[in-house]
Amino acid sequence: MSESIGIHPSVSPAKAAIQIRGACPHDCPDTCALVTTVESGVAVRVAGNPDHLHTQGVLCNKVSRYTERTYHPQRLQYPQRRVGPKGSGQFERVTWDEALDDIAQRLGAIAARNPEAILPYSYAGTMGLVQSESIAARFFHQLGASLLDRTICSTAGAEALGWTLGGKVGMKVEFFAEAKLIVIWGSNSITSNLHFWRQAQIAKRAGAKLVCIDPRRSETAEKCHEHIQLQPGTDAALALALMHELIVNDWLDHEYIARHTLGWEALRERALRWTPERAASVCGIAVEQIRALARDYGTTRPAAIRLNYGMQRVRGGGNAVRAVACLPALTGAWRHRAGGVLLSSSGQFPVRKTALQRTDLLAGRTPRTINMVTIGDDLLRESSEQFGPKIEALVVYNSNPLAVAPESSKVAAGFGRDDLFTVVLEHFQTDTADYADYLLPATTQLEHWDVHLSYGHTDVLLNRPAIAPVGQSKPNTQIFRELAQRMGLDAAIYADDDETLCRKAFSDAIDFNELLDKGWATLPIADAPFATGDFPTPSGKCEFFSEGLARLGVDGLPDHLPNYETAGSSTRYPLAMISPPARNFLNSTFVNVDSIRAMEREPILEMNAADAAARGLASGAVVRVFNDRGDYHCKLEISERARPGVVHGLGVWWRKFGLNGTNVNELTSQRLTDIGRAPVFYDCLVQVQAA
Ligand code: SF4
């Protein structure tokens, strides 16, 4: 990199400081533009870029402390090899050559027998297109390793949106500021979508009404005009009852429905079965709340829905997203740029995945696919005709499955297998890293190139390295390049350097010079993309009825599917538990940053006063939360955030910071959603007693 490239205009020669533009890599819809101030090769400050429309100079609490995380005294700085029992976290320092030579030899031996016995395990530890699945994907594709179904967060909602609107498409976030009604559905935006919340605040000051739909009285819910505190997993029932009211009161845009939707008559018939009384009973809310929301939604223009992934973490999560995504077409909300729905914008980015990931390297092979949600069960399976070979090697990067995957006692048992060879690429010694045979230090976002799409706005962002790698850490890409070279894989496939990969990610669909000059580039997307239909579905319409789903043998219309573990269905486990993120954590990232963990203090369970009184529990008590899957000990917080019968185990703490060495995922199940094969973290019954 030449010295002048990427330096922000506000360079201060007097302080010998330079400012480098980057992008936040974390699993958050906001994808902020960063400016890192570097003095004498040391990053001294990470701030939001004031020139970027969506960031406007503001970062969340977590990333504004990024230098603390980058230079954390426990940052992994050199490769290590296990010396103690699996899971003990005891390692010795080795050289890169020692580590990579041995890993290459052991993976090579397994690949020679059956490459499908090797499994990559990765997710959104970085959202960067280069440091996630570029060289890593080429490596595993060329080997013919098992494929990983990356379902752990969003696929229920994402696929449901695809079956309804044609993809991860929707409103532009900036136009929420112009809406007159904003429904925030399944999202604690103050915690997990801060820059959207700013748009909602602008709308609120201009007179818009804000309604929050969430089982938890979250920080966001308490700042909205109305909070609809429904039972977990009942969102589809509410959406269908809203449709019922739109129909019986004729708050419909008949012309929009006739021209731009598919399956209206069938949906109408389904919705008319969902009276507000029926839905109120299922959702555990007042009939009048449903009627009032329907009236607001049916009579306010423009009306916008910010949907988030919280509500799809239950058995019927896909159907629920489909039901909500149908609403704007019924009222014609899409006609206005401040009307419609936004769950994810990521489907609008013209990413050249094939060029980055080189699926052609599979060369006609079709390796089996392992769902990352069921890693607990799958690591414990023997070889069989149905399953294929037993998993013999696991390469984990950008993920911490011991903490984040469901039913973690099984995940721990699987990772604890003595006959499993595990390599972990990480910044810190996480719960998963404790189980590694080799632990390899990876660079952070301040130390490598990357390029990003967003799932909350429509800008591509470039991330330049601001500092040299800390210690001996290397970018993920480089670690896989060096492994490939040692394993004798075709060198030409790994020749692209990281800046070249950034260029290839969008090819000529994005002006790379604009990214280099400015740090981001805005996609040319219409302000009101579905004002006249043109949905990217097979029919070009909003598909109330999906032929594609019907062909798969499932209901082509959205419906309410009760939870697997429905509230009230068990006397042993009478409480429904959800596990939304603690305000200052992002999945399991940041848990080990001292100043951030201090804000969260300790793992807690929020419980309503009536439920606590019935169990003789007081705030601050250590409680045992349990079901047939496991036990989790944490502190009780009697809280008005919880409705009676529902508790909140805030996550995702590392197990090693837990009071009994577990976290909330000890209790969650490996069952899957109706659409998208995704986890059902919020579909979980428990009991609570004093520990
Ligand atoms: S985590 Fe989200 S809000 Fe925080 S800096 Fe990153 S993108 Fe912005």
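These figures come from a predicted structure and were not determined experimentally. We count ligands from 1, going down the list as the structure has it; atoms in each ligand are counted the same way.
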Distance only, no hydrogens: is a donor on one side chain within 3.5 Å (strictly under) of an acceptor on the other, for [X] and [Y]?
| X | Y | answer |
| --- | --- | --- |
| S122 | N398 | no |
| R306 | S187 | no |
| T443 | H448 | yes |
| N193 | N308 | no |
| Q131 | D498 | yes |

Any N/O/S atom, side chain or main chain, of C28 closer to atom 2 (Fe) of ligand 1 than 2.8 Å? yes
For atom 8 (Fe) of ligand 1, what's the nearest protein heavy-atom neighbour? Residue, atom name and distance, please. C32 SG, 2.3 Å
Is the distance between atom 8 (Fe) of ligand 1 and the nearest N/O/S atom of C24 smaller than 2.8 Å? no
Does the residue T31 have a heavy-atom contact with ligand 1, meaning some pair of atoms that are separated by less than 4.0 Å? yes
Quick check on contacts: which atoms of ligand 1 are under 4.0 angstrom from a heavy atom of L586? 1 (S)
C60 neighbourhood, listing ligand 1 atoms whose heavy-atom distance to it stays under 4.0 Å: 1 (S), 3 (S), 4 (Fe), 5 (S)
Can you tell me which portion of V63 lies within the under-4.0 Å heavy-atom range of ligand 1? Options are side chain, backbone, both, or neither. side chain
Report yes if the distance between the aromatic ring centroids of H52 and H457 is under 6.0 Å, otherwise no. yes
